[in-house]
Participant: 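I'd like to ask some things about the structure below.
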Amino acid sequence: MQKPSLIINRKFYERDTLKVAQDLLGCFLVRDYRGKIWRALITEVEAYLGEKDLASHASRGRTPRTETMYGEPGYAYVYMIYGIYHCLNIVTEKKDFPAAVLIRSVRIESVDHRKTNGPGKLCNFLKIDRKLNRWDLTKGEKLWLEPRDPKIKLSKIQKSKRIGIDYAQHCREYLWRFSIKS
DNA sequence: CTCGGGATTGAG
DNA sequence: TCAATCCCGAGC
């Protein structure tokens with residue numbers, strides 16, 4: 001497989017997280033695993049924004065785990081949940097400001113959508129685990145992102161409450177989950 | 001299973 | 001007194 005011609009660059013990620021989250025819809029998450037390449041259309045994401053966001057791991061400040069979120073934008077933040085699943089996040093905003101976009105659902109051509117329609121499921125399918133934590137997504141190796149096809153018109157972005165964050169008090173109400181029809 | 005917080009322990 | 005260690009709750 002040839003080197004990708006279009007890779008989303010670091011400036012794209014170094015912006016307001018809510019903007020980046022919505023701009024990622026319709027983009028492609030590309031995974032090269034031992035020479036096999038999948039191009040996954042991003043259809044659902046959630047934003048996690050700053051220490052004030054009680055739903056974010058960073059709400060408790062800098063810890064060894066959250067260090068990735070405080071780092072440079074354009075890196076992967078991968079963590080394990082429930083001891084079974086991995087979740088893939090894309091680090092956003094400037095260094096030292098903790099924020100990221102969780103990839104919740106993707107669609108891959110000729111793959112049953114039920115295999116990739118959840119954050120844990122898509123990591124399982126794309127062989128994404130903590131070895132890819134802090135991976136630089138702008139290198140065009142192993143895991144990177146490519147822009148939307150400008151020819152394809154994006155359906156209206158749906159905004160809704162984030163999933164599975166009942167503990168986050170008032171932050172539960174934020175409409176920081178974004179999706180497109182897929 | 002992994003993390004992080006509070007509780008407990010124990011060295012000095 | 002305080003840091004290392006234990007333990008428990010929570011996590012899409």
Side-chain angles (χ1 to χ4, degrees), chain A residues 13 17-31 33 38 40-73 75-93 95-108 111-135 137 142-143 145 157-182:
Chain A
Y13 302 110
T17 305
L18 300 179
K19 188 81 170 68
V20 175
Q22 292 171 81
D23 287 348
L24 280 172
L25 294 172
C27 294
F28 286 94
L29 175 68
V30 189
R31 172 67 164 137
Y33 181 73
W38 289 285
L41 182 73
I42 297 172
T43 58
E44 182 183 336
V45 299
E46 283 176 359
Y48 289 86
L49 211 180
E51 295 179 347
K52 299 276 175 57
D53 178 5
L54 298 177
S56 171
H57 290 164
S59 64
R60 295 167 191 280
R62 260 190 211 250
T63 67
R65 180 170 63 153
T66 60
E67 198 55 36
T68 309
M69 291 184 80
Y70 285 83
E72 293 282 338
Y75 283 75
Y77 170 42
V78 182
Y79 61 86
M80 184 173 255
I81 189 74
Y82 297 154
I84 317 169
Y85 304 115
H86 294 274
C87 288
L88 170 66
N89 299 254
I90 316 292
V91 176
T92 58
E93 312 254 3
K95 185 177 183 306
D96 294 321
F97 183 87
V101 174
L102 170 67
I103 308 297
R104 287 193 52 86
S105 184
V106 299
R107 186 174 277 282
I108 303 172
V111 171
D112 186 342
H113 190 223
R114 289 172 298 187
K115 290 183 177 171
T116 58
N117 66 350
K121 285 197 271 185
L122 71 89
C123 284
N124 187 50
F125 186 87
L126 293 172
K127 300 281 185 283
I128 293 168
D129 60 28
R130 279 179 309 167
K131 291 197 287 292
L132 286 170
N133 188 38
R134 293 204 125 171
W135 186 259
L137 299 168
K142 293 190 181 181
L143 188 67
L145 288 97
I157 295 175
Q158 326 274 339
K159 301 179 170 75
S160 54
K161 294 180 189 176
R162 294 174 292 177
I163 302 296
I165 52 156
D166 289 348
Y167 53 88
Q169 302 172 42
H170 62 282
C171 298
R172 282 188 298 182
E173 308 302 322
Y174 299 167
L175 300 178
W176 286 359
R177 176 180 176 220
F178 306 104
S179 59
I180 51 174
K181 281 202 290 289
S182 54

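Every chain is numbered from 1 and lettered A, B, ... according to where its sequence line falls, protein lines coming before strand lines.
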Participant: Can you tell me how far apart CD (A:E51) and CZ (A:R62) are? Round to the nearest 0.5 Å.
Facilitator: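 So the CD of A:E51 and the CZ of A:R62 are separated by 8.5 Å.
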Participant: Round to a whole Å and report the spacing from CZ of A:R65 to C1' of C:dA10.
Facilitator: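 It works out to 10 Å between those atoms.
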Participant: What's the CH2-C1' distance between A:W176 and C:dC12, to the nearest Å?
Facilitator: 18 Å
Participant: Using atom types as modelled, flag every donor-acceptor pair under 3.5 Å from a side chain in residues 75-89 of chain A to any protein atom, sequence neighbours excluded.
Facilitator:
residue: A:Y77; atom: OH; partner: A:H57; partner atom: ND1; Å: 2.6
residue: A:N89; atom: ND2; partner: A:Y77; partner atom: O; Å: 3.2

Participant: Among residues 157-166 of chain A, which contact DNA chain C at a heavy-atom distance under 4.0 Å?
Facilitator: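 Correct list: A:I163, A:G164.
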Participant: Not counting sequence neighbours, which residues clear side chain to side chain contact (heavy atoms under 4.5 Å, CB included) with A:Y33? List them please.
Facilitator: A:R31, A:W38, A:K127
Participant: Roughly, in whole Å, what's the span from CD1 in A:I81 to C1' in C:dC12?
Facilitator: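 Computing the A:I81:CD1 to C:dC12:C1' distance gives 7 Å.
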Participant: For the backbone of A:S105 and the side chain of A:T43, can you confirm whether one donor and one acceptor N or O come within less than 3.5 Å of each other?
Facilitator: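 Checked: pair present.
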Participant: Within residues 111-126 of chain A, which residues have any heavy atom lying less than 4.0 Å from an atom of DNA chain B?
Facilitator: none
Participant: Would you measure the distance from the C1' atom in C:dC12 across to the matching atom in B:dG5 and give it in whole Å?
Facilitator: 22 Å
Participant: Identify, with sequence neighbours excluded, every residue that meets side chain to side chain contact (heavy atoms under 4.5 Å, CB included) alongside A:K159.
Facilitator: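 Applying side chain to side chain contact (heavy atoms under 4.5 Å, CB included) to A:K159 gives A:Q22, A:L175, A:F178.
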Participant: State, with a plain yes or no, whether a side-chain heavy atom of A:I108 is found less than 4.5 Å away from one of A:K115.
Facilitator: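 Side-chain contact under 4.5 Å: no.
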Participant: At the 4.0 Å heavy-atom cut-off to chain A, mark where contacts on DNA chain B begin and end, going 5' to 3'.
Facilitator: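 Contacts span B:dC1 to B:dG5, reading 5' to 3'.
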Participant: Check whether any side-chain heavy atom of A:I165 lies under 4.5 Å from a side-chain heavy atom of A:R177, and answer yes or no.
Facilitator: no
Participant: Of the non-hydrogen atoms in A:A99 and A:L49, which two are nearest, and what is the gap between them?
Facilitator: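 Looking at all heavy atoms of both residues, the closest pair is CB-CA, 4.1 Å.
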Participant: Sub-3.5 Å donor-acceptor pair from the side chain of A:T66 to the main-chain atoms of A:M69, do we have one?
Facilitator: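 No, the answer is negative, given that no donor and acceptor are paired below the 3.5 Å cut-off.
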Participant: For A:R177, which contact category applies under a 4.0 Å heavy-atom criterion: base, sugar-phosphate, or nothing?
Facilitator: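 Here A:R177 touches no strand at all.
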Participant: Do A:V91 and A:Y13 have side chains that get closer than 4.5 Å, going by heavy atoms?
Facilitator: no
Participant: Reckon A:Y79 touches a base, only the sugar-phosphate, or nothing at all at heavy-atom distances under 4.0 Å?
Facilitator: sugar-phosphate
Participant: A:N89 has an atom CG; how far is it from atom C1' of C:dC12, in whole Å?
Facilitator: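 Spelled out: CG on A:N89 to C1' on C:dC12 is 11 Å.
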Participant: Just wondering, more than 12 heavy atoms not from A:K142 lying within 6.0 Å of its NZ?
Facilitator: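 For A:K142, atom NZ is not crowded (no more than 12 foreign heavy atoms under 6.0 Å).
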